[in-house]
Amino acid sequence: MHGTIDGFNYGAVTPVVAYVMACLGSALGLRCTIRSLRTDTSWKPGWLGLGAAAIGSGIWTMHFVAMMGFHVAETPISYDLRRTVLSLVVAIVVVGVGVFIVGYRGATRAALLTAGLTTGLGVAGMHYLGMAGMRMNGRLEYSPVAVALSILIAVVAATAALWAAVSVKGFLPSLGASLVMGVAVTGMHYTGMSGLSVRLHESHGAQALGGASAVSIMLPLMVGPLAFLLLAAVVVMFDPILVLGEGEWTAPAAPQAPKAPADDWPKGFGAAHPAGPAPYPAGAAGSPTAYDRFGGPAQPQPPHQQPGSARPSF
């Protein structure tokens, strides 16, 4: 006997909040990854680690916010604490592998394919590991087509997000990339859930054992990732390079026009000295460049008074 599944028990609240959390984690992770490319080597691992933790926490929070709206009419649902926490660790670690690859290797084809495949499989692994942590009087069954499609979406979304992290410049373009990433991650989740069915056990009316109730375990667990995302958001807001990306301080300086050569002719003594080479020796009497001390043309001088001439002896 199959159970009656409702993935939207609270209406549009859970998918909308889940999408917001996916976008927030993606936006913070992308900005931190971009920041790592503009810092020295000593700070790069810190920024990359912060970005990986932001993306992983956002995806994990998105998953379990969406699962708050998951309901099976014939049986209560609880969660195993160890597998739930393990799914968060897997999300952060595997996403971190992909982020560090592109952070140090750049947007080369080999680096993006390797990092995107690793990160996408990690995101999908987090999803299905979290689903395996559910406890109910039934067994989860998946459609192979839905599972394969959800994994493909996760890989493509992760590759696109990592490419945007090292290629997209500016705050608004990266914000748009995070919105697209949020759509892809949320779509991956609901695509996988669309192929899910629950085969109930005979004792389907009994309370599931071996785990805590959904509300009692999920709400306390979400406090940590939500607090971390808030802290990461504060770090982003107080770093202008993270917020604005390619700001004015990174733009090349505008070329300045060459300064005109200073006129060495004293001001206030007639017309300015004509430009260009003089047709006569400088200062020679009768030349266009010869001026007297009052700014007018110099008068021809007797030969014995011209500069350089020998004074006659008497």
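By convention here, the first residue in the shown sequence is residue 1.
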Could you tell me the separation between the [atom1] atom of [X] and the [atom2] atom of [Y], rounded to the nearest 0.5 Å?
X      : Y      : atom1 : atom2 : value
Leu162 : Thr119 : CG    : OG1   : 4.5 Å
Trp47  : Arg31  : CH2   : CZ    : 10.5 Å
Arg135 : Thr75  : CZ    : OG1   : 12.5 Å
Leu200 : Ser197 : CG    : OG    : 10.0 Å

So if you build clusters from Ile, Leu, Val, Met, Phe, Trp, Tyr with side-chain heavy-atom gaps below 4.5 Å, do [X] and [Y] land together?
X      : Y      : result
Val185 : Val17  : yes
Leu149 : Leu121 : yes
Ile55  : Leu86  : no
Val85  : Leu129 : no
Val183 : Val20  : no

Minimum heavy-atom distance between [X] and [Y], given as atom pair plus value:
X      : Y      : value
Val65  : Ala18  : CG1-N, 3.7 Å
Ala184 : Ala157 : CB-CB, 3.2 Å
Thr159 : Gly116 : OG1-CA, 3.2 Å
Tyr10  : Gly69  : CD1-CA, 3.9 Å
Ile77  : Met134 : CG2-CE, 3.6 Å
Gly120 : Ala158 : N-CB, 3.6 Å

ask   = Would a line drawn from the ring center of Tyr142 to the ring center of Tyr128 be shorter than 6.0 Å?
value =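 Ring centroids of Tyr142 and Tyr128 are less than 6.0 Å from each other.
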
task = Would you check if the distance from the ring center of Phe70 to the ring center of Phe64 is below 6.0 Å?
result =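 Aromatic pair excluded; centres sit 6.0 Å or further apart.
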
Only pairs under 3.5 Å count here: list side-chain donor-acceptor contacts from residues 87-101, not counting sequence neighbours, and write none if there are none.
unit_1, atom_1, unit_2, atom_2, d
Ser87, OG, Trp60, NE1, 3.0
Ser87, OG, Thr84, O, 2.5

Are the side chain of [X] and the backbone N or O of [Y] linked by a donor-acceptor pair below 3.5 Å?
X      : Y      : result
Thr61  : Gly58  : no
Thr114 : Ala111 : no
Ser194 : Thr191 : yes
Arg83  : Gly130 : no
Glu141 : Leu196 : no

task = Take His201 and Met136 through the test side-chain contact (heavy atoms from CB on, under 4.5 Å) and record every step on the way to the result.
result = CA-CA 9 Å; His201 300 319; Met136 66 180 70; over 6 Å; no

query = Going through the checks in order, is the side-chain contact (heavy atoms from CB on, under 4.5 Å) test met by Leu152 and Val156?
reply = CA-CA 6 Å; Leu152 178 62; Val156 173; 4.1 Å; yes

ask   = Is there a ring-ring contact (aromatic ring centres under 6.0 Å, His included) between Tyr190 and Tyr19 once you walk through the steps?
value = CA-CA 11 Å; Tyr190 285 104; Tyr19 172 69; over 10 Å; no

task = Sort out for me which residue in His63, Met181, Met62 forms a side-chain contact (heavy atoms from CB on, under 4.5 Å) with Thr186.
result =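 When side-chain contact (heavy atoms from CB on, under 4.5 Å) is applied between Thr186 and each of His63, Met181, Met62, only Met62 qualifies.
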
inquiry  = Does Met193 form a side-chain contact (heavy atoms from CB on, under 4.5 Å) with Met188? I'd like the steps, not just the answer.
reply    = CA-CA 9 Å; Met193 296 299 292; Met188 177 275 300; over 6 Å; no

Side chains of [X] and [Y]: closer than 4.5 Å at any heavy-atom pair?
X      : Y      : result
Val198 : Arg139 : no
Leu140 : Met131 : yes
Ile59  : Met126 : yes

key: For Tyr104, side-chain hydrogen bond (donor to acceptor under 3.5 Å, both in side chains) partners two or more places apart   =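 Applying side-chain hydrogen bond (donor to acceptor under 3.5 Å, both in side chains) to Tyr104 gives none.
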
